[in-house]
There are 4 protein chains.
Amino acid sequence: MAKKSIDKYEAILDAAAKIIGEVGYHKAQISKIAREANVAEGTIYLYFKNKQDLLLSLFQKRYGEFISNLKFEVANAKTPMDKLKKLITMHLENSERDRNFAQVTQIELRQADRDLRQKLSELLKDYFDIIESIIEEGKEQGIFRKDISTKVMRRMIFGTLDETVSSWLLSSRRYSLSRLSNDIFELFCYGLVKPE
Amino acid sequence: MAKKSIDKYEAILDAAAKIIGEVGYHKAQISKIAREANVAEGTIYLYFKNKQDLLLSLFQKRYGEFISNLKFEVANAKTPMDKLKKLITMHLENSERDRNFAQVTQIELRQADRDLRQKLSELLKDYFDIIESIIEEGKEQGIFRKDISTKVMRRMIFGTLDETVSSWLLSSRRYSLSRLSNDIFELFCYGLVKPE
Amino acid sequence: MAKKSIDKYEAILDAAAKIIGEVGYHKAQISKIAREANVAEGTIYLYFKNKQDLLLSLFQKRYGEFISNLKFEVANAKTPMDKLKKLITMHLENSERDRNFAQVTQIELRQADRDLRQKLSELLKDYFDIIESIIEEGKEQGIFRKDISTKVMRRMIFGTLDETVSSWLLSSRRYSLSRLSNDIFELFCYGLVKPE
Amino acid sequence: MAKKSIDKYEAILDAAAKIIGEVGYHKAQISKIAREANVAEGTIYLYFKNKQDLLLSLFQKRYGEFISNLKFEVANAKTPMDKLKKLITMHLENSERDRNFAQVTQIELRQADRDLRQKLSELLKDYFDIIESIIEEGKEQGIFRKDISTKVMRRMIFGTLDETVSSWLLSSRRYSLSRLSNDIFELFCYGLVKPE
DNA sequence: CATGAATGAGAGTTCATTCAT
DNA sequence: CATGAATGAACTCTCATTCAT
């Protein structure tokens with residue numbers, strides 16, 4: 001029984017990710033998600049308070065897993081540079097591996113009502129914390145410049161990764177996303193200007 | 001009186017920008033936009049084919065003006081560095097000046113149905129072209145590095161600006177956006193790493 | 001001026017007949033009728049109280065002319081048989097000549113709201129009277145049978161002509177309508193059964 | 001409980017027949033039909049694709065039943081004369097029994113958009129076929145005259161019955177419809193002209 | 001726990017009619 | 001008389017949510 005419930009819970013989340021990824025949050029009908037999950041419409045409301053809660057749970061679960069993996073890997077990397085490199089790689093690889101995850105994260109998060117957006121940004125907060133702690137560490141070790149605020153740097157890092165994935169999604173994923181890691185890392189570290 | 005008065009057209013666009021900025025495209029009811037514009041609901045349909053067309057026109061007009069200003073200013077700047085600087089400043093200042101514009105641009109563009117997104121991204125194309133031409137010029141003049149593709153660079157620039165504005169919007173604009181220009185410019189040019 | 005008014009009045013009626021004939025009363029928009037008549041929408045309301053009044057006037061005018069012609073011709077025919085023949089011929093020829101008239105008469109009259117239908121059937125009354133007086137005359141002269149009520153006979157005559165025109169209209173008028181006069185006349189007079 | 005209960009389906013059809021019969025197709029609001037059927041508006045869309053589909057189904061069901069009864073009775077009648085008599089009687093009795101059916105059939109069918117009319121006339125086709133086959137049989141047996149086309153005859157029969165019912169409906173049904181059967185039959189067979 | 005038929009508020013859009021010019 | 005931009009009531013259809021079974 002307990003097992004069965006968890007199966008359904010997962011099935012609904014998977015179905016939601018698929019449908020929302022395909023048609024977007026607003027056009028994703030509960031009835032379609034139910035059908036995709038092989039579940040009755042009413043059943044969804046046994047596991048989730050409402051449609052918004054479903055999206056929230058979806059994001060929470062998927063992003064939560066990603067964040068905890070990321071934390072682990074970042075902790076294991078030695079230098080701030082290594083940590084940054086790892087973060088870029090994982091962000092891109094994860095997006096590439098799970099297209100629905102990326103779609104939902106990138107596109108669907110933006111819409112949504114005030115309060116939903118608020119809740120979602122709380123979830124993002126964890127990710128931001130990881131980025132910022134890497135930057136702080138780099139600054140402390142004298143590797144990263146201190147004349148620019150950590151927040152500005154964090155926005156560059158997240159914004160660039162975000163936009164990179166967005167572009168890739170809109171391009172119908174015709175190229176390898178994760179292969180861009182090195183260039184982006186280079187850009188982050190040394191900027192546009194030719195050295196010397 | 002000019003037929004289909006331009007005043008009304010503008011009033012509707014303004015009202016749409018305001019309402020959409022406040023509650024998002026999907027929750028922005030035609031009836032509310034009409035009330036905000038001091039116009040009957042039916043009147044909106046004299047000026048716009050439908051709700052989607054209204055959003056499209058809104059973006060087209062606002063973004064179009066911005067783009068043409070941007071083109072002019074960028075053309076007048078001497079070096080690629082100056083041009084890049086100008087672009088950053090204008091992006092942030094424009095967003096700061098017109099909150100509704102920024103809101104719509106940042107948030108609402110992402111949602112929307114497949115075909116709307118398609119049309120909107122065509123409009124963004126112009127902006128991307130400007131950014132990319134600055135980069136190309138910098139590469140040709142030996143100022144910017146050539147070992148990283150222009151597209152990757154463009155995504156960093158646009159993504160960072162985009163995320164910076166998004167953050168500012170979500171923070172309820174408690175700080176000056178345009179004052180960040182210099183730092184962002186520095187970051188773009190020289191990266192995170194402390195020189196020497 | 002007076003002349004001009006009459007021109008517009010006529011133009012609107014013609015336009016209404018054309019548009020209604022094409023798309024039906026309910027789908028015939030005032031704006032389209034106005035455009036067809038080269039007149040502003042508001043102008044229509046200078047000549048007609050409302051849309052319903054326009055249809056009524058249209059029918060009144062067209063049917064009125066037809067009825068008065070019919071009366072004249074029937075009066076000139078000698079025998080009840082000749083009169084009946086004339087009536088059949090004129091009904092079919094008139095429908096064939098003016099497709100819009102037929103369309104409106106046949107199809108559009110049926111719909112309409114309770115009260116409109118009431119008013120229209122008053123107009124039909126004149127036509128019914130003509131038919132019934134022919135029948136009565138025939139009965140008096142001992143030509144037509146007296147064991148069947150005049151009303152029943154009238155309904156046969158009108159119903160048959162009506163259905164004949166309806167069929168022709170729905171068939172996209174691929175055959176000559178007026179050429180059927182003789183057969184219908186025969187049928188009316190002697191019925192289906194083979195004589196002897 | 002049967003899914004999408006047949007009861008509700010029937011209740012909606014009955015309500016539709018009643019409301020449409022009262023105010024006509026165009027003025028028959030879904031909301032009123034729903035109220036009459038003791039059903040929510042949305043429920044109607046569980047059973048019918050849209051308003052037009054509801055009308056179509058209504059006609060299909062009611063007319064379909066009538067046609068199949070008619071076929072049975074006509075097949076059981078011996079001579080073409082008996083068959084014709086049966087057809088007249090059933091047409092009138094059925095209309096008299098179910099006023100809504102008659103109303104919809106007579107009045108509402110005529111209006112409607114091009115495509116709806118097309119679909120409806122396909123349904124009428126079955127009725128026409130029955131009439132025509134009776135005529136053909138009569139011709140073959142040497143009972144009916146062969147010098148007039150079957151189609152012309154069919155239009156007389158259908159047109160007369162149709163008009164008879166229409167008249168009766170407009171008269172607010174102040175007389176017995178079915179009692180007219182004999183006279184109409186006589187008229188069809190022998191025509192207006194007094195024998196001898 | 002599970003179902004899915006039923007609900008009904010809500011939203012976009014149309015179009016006959018009005019009225020200031 | 002004429003205009004046509006503006007009006008806003010009205011209507012169909014959608015879909016998240018509920019609840020009796």
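A note on names: the letters A, B, ... follow the listed sequences, proteins ahead of strands, and every chain is numbered from 1. Fair warning: this is a prediction, and the values are worked out from it, not measured in the lab.
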Subject >> Minimum-distance nucleotide (side-chain atoms of D:Y45 versus E:dT13, F:dT14, F:dT17) >> reply: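 Among E:dT13, F:dT14, F:dT17, the one nearest the side chain of D:Y45 is F:dT14.
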Subject >> Closest to side chain of A:L46, choosing from E:dA6, F:dT7, E:dC1 >> reply: E:dC1
Original post:
If you look at every strand shown and take non-hydrogen atoms under 4.0 Å, does B:Q29 touch a base, only sugar-phosphate, or nothing?
Top reply: sugar-phosphate
Original post:
Checking all strands, does D:I30 fall into the base, sugar-phosphate, or nothing category for heavy-atom contacts under 4.0 angstrom?
Top reply: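 The answer is sugar-phosphate, as D:I30 gets under 4.0 Å only of primed atoms, P, OP1 or OP2.
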Please state how far atom [atom1] in [X] lies from atom [atom2] in [N], giving the value in whole angstrom units.
| X | N | atom1 | atom2 | value |
| --- | --- | --- | --- | --- |
| C:K27 | F:dC11 | NZ | P | 18 Å |
| D:I19 | F:dT12 | CD1 | P | 12 Å |
| C:Y25 | E:dA16 | OH | P | 9 Å |
| B:H26 | E:dA11 | NE2 | P | 13 Å |
| D:I44 | E:dA9 | CD1 | C1' | 16 Å |
| B:R35 | F:dA6 | CZ | P | 19 Å |
| B:Y9 | F:dA6 | OH | P | 14 Å |
| B:E41 | F:dA9 | CD | P | 9 Å |

Original post:
Start at the 5' end of DNA chain E and walk down; is the nucleotide closest to A:A40 or to B:T43 reached first?
Top reply: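 Looking at the nearest nucleotide for each, A:A40 comes out on the 5' side.
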Subject >> Closest-nucleotide ordering on DNA chain E, the 5'-leading residue of C:A28 and D:G42 >> reply: D:G42
Original post:
Quick one: is E:dA5 close enough that its OP1 or OP2 comes under 4.0 Å of any side-chain N or O from D:Y47?
Top reply: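 For E:dA5, OP1/OP2 do not have a side-chain N/O of D:Y47 under 4.0 Å.
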**OP:** Respond yes when some side-chain nitrogen or oxygen of A:K8 is under 4.0 Å from OP1 or OP2 of E:dC1, and no when none is.
**Re:** no
**OP:** With DNA chain F as reference, determine whether A:K51 or D:K49 sits nearer its 5' end, using the nearest nucleotide of each.
**Re:** D:K49
Subject >> Identity of whatever pairs with E:dA9 - Watson-Crick or G-U, under 3.5 angstrom >> reply: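 Pairing partner: F:dT14.
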Subject >> Watson-Crick or G-U wobble mate for E:dC1, both contacts under 3.5 Å >> reply: none
Subject >> Cationic N near anionic O, under 4.0 Å, B:K61 to B:E65 >> reply: yes
Original post:
Side-chain contact, heavy-atom cut-off 4.5 Å: D:E22 with D:K18?
Top reply: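 Heavy-atom side-chain distance check passes, below 4.5 Å.
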Original post:
Can you tell if the side chain of A:S57 reaches within under 4.5 Å of the side chain of A:Y47, non-hydrogen atoms only?
Top reply: no
Subject >> Spacing of CG belonging to A:N38 relative to CG belonging to A:D7, to within rounding of 0.5 Å >> reply: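 Nearest 0.5 Å value for the CG-CG distance: 12.0 Å.
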Subject >> Point-to-point distance, once rounded to the nearest 0.5 Å, from CD of C:Q60 to CG of C:L13 >> reply: 10.5 Å
